[in-house]
Every structure is written in C-alpha cells, then in structure tokens.
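The next block holds one structure in the form of structure tokens; read it before the comments.
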Amino acid sequence: MTLNKYNFDEMDMEFILDVQFELEKHFGKEASTVLVQSDFLKRLADDPMYVHHYDETYWAERIRALHVKKSNSTVN
C-alpha cells in the first residue's frame with residue numbers, strides 16, 4: 001500500500017486493515033488495490049473524525065459500491 005505519504009497513527013492503521021479485511025470478502029486479493037484506488041485513505045488523512053464516525057463495514061461497502069460503479073461506467 002502507498003501509506004508513506006500519509007501520517008496515520010496506530011488506530012488509523014488498525015482501522016485501514018479492518019476495512020481491507022471487509023473488502024477481501026468481496027474482492028479477495030484485489031482488496032488492497034481497490035482500497036488504494038479509492039479516496040478512502042485521503043479522506044481518512046483529511047478528516048479522521050468523520051471517517052472514524054462510521055464503522056469499517058460501512059466504509060468497505062461504500063468503497064465497494066463506488067468501485068463497482070466506476071468499473072461499470074468505464075465498460076459502457
């Protein structure tokens with residue numbers, strides 16, 4: 001993952017791994033790629049209070065839905 005440009009603390013890193021774990025249920029080994037390609041890491045860095053307000057399952061579903069929507073729009 002490209003986390004070097006962000007300054008995440010231990011709690012953020014645990015949260016990211018939990019979101020990735022949820023994404024793995026749908027994307028398997030591609031979960032890391034899907035996570036990095038989303039805007040989740042930037043959003044977490046910019047507004048951690050907002051991101052931590054929701055649970056990992058919420059963010060995984062949000063990332064998954066946006067990824068599917070983006071994939072479908074590039075196919076059409």
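In what follows, every heavy atom counts, from backbone to side chain, and hydrogens, waters and symmetry copies are set aside. The first residue of the sequence shown is numbered 1, and numbering continues consecutively from there.
Using a 4.5 Å heavy-atom cutoff, the side chains of Asp12 and His52 are in contact. With a 4.5 Å cut-off on side-chain heavy atoms, Glu24 and Lys29 do not count as touching. Using a 4.5 Å heavy-atom cutoff, the side chains of Ile16 and Phe40 are in contact. The side-chain heavy atoms of Ser71 and His67, taken from C-beta on, include a pair separated by under 4.5 Å. In this structure, Glu22 and Ile63 have side chains that are not in contact, with every pair of non-hydrogen atoms separated by 4.5 Å or more. No side-chain heavy atom of Phe8 sits less than 4.5 Å from a side-chain heavy atom of Phe15.
A continuous path of hydrophobic side-chain contacts links Tyr54 to Val34 [ILVMFWY only; heavy atoms under 4.5 Å]. Residue Tyr50 is not grouped with residue Met11 when hydrophobic side chains (ILVMFWY) are merged at heavy-atom distances under 4.5 angstrom, including chains of intermediate members. In the hydrophobic cluster analysis, where Ile, Leu, Val, Met, Phe, Trp and Tyr join through side-chain heavy atoms closer than 4.5 angstrom, Val19 is grouped together with Tyr6.
Considering CG of Asp9 and CD of Glu14, their distance stands at 10.0 Å, rounded to 0.5 Å. The line from OG of Ser38 to NZ of Lys70 is 8.5 Å long, rounded to the nearest 0.5 Å. Here the OG1-CG distance, from Thr57 to Leu23, works out to 10.0 Å after rounding to the nearest 0.5 Å. Atoms CD and OG1, from Gln37 and Thr33 in turn, are 6.0 Å apart once rounded to the nearest 0.5 Å. Atom CG in Leu44 sits 9.5 Å away from atom CE in Met13 (nearest 0.5 Å). Rounding to the nearest 0.5 angstrom, the gap separating the NZ atom in Lys5 from the NZ atom in Lys42 is 9.0 Å.
In the displayed structure, Arg64 atom CZ is contacted under 6.0 Å by more than 12 heavy atoms of other residues, nucleotides or ligands. Dense packing is recorded around OH of Tyr58, with more than 12 heavy atoms of other residues, nucleotides or ligands lying under 6.0 Å away.
In this structure, the side chain of Trp59 engages the main chain of Val51 through a donor-acceptor pair within 3.5 Å.
Scanning for salt bridge (charged side-chain N to carboxylate O under 4.0 Å, His left out) contacts around Asp39 gives Arg43, with sequence neighbours left out.
The two residues Gln20 and Leu35 have their closest heavy-atom pair at CB-CD2, 4.1 Å.
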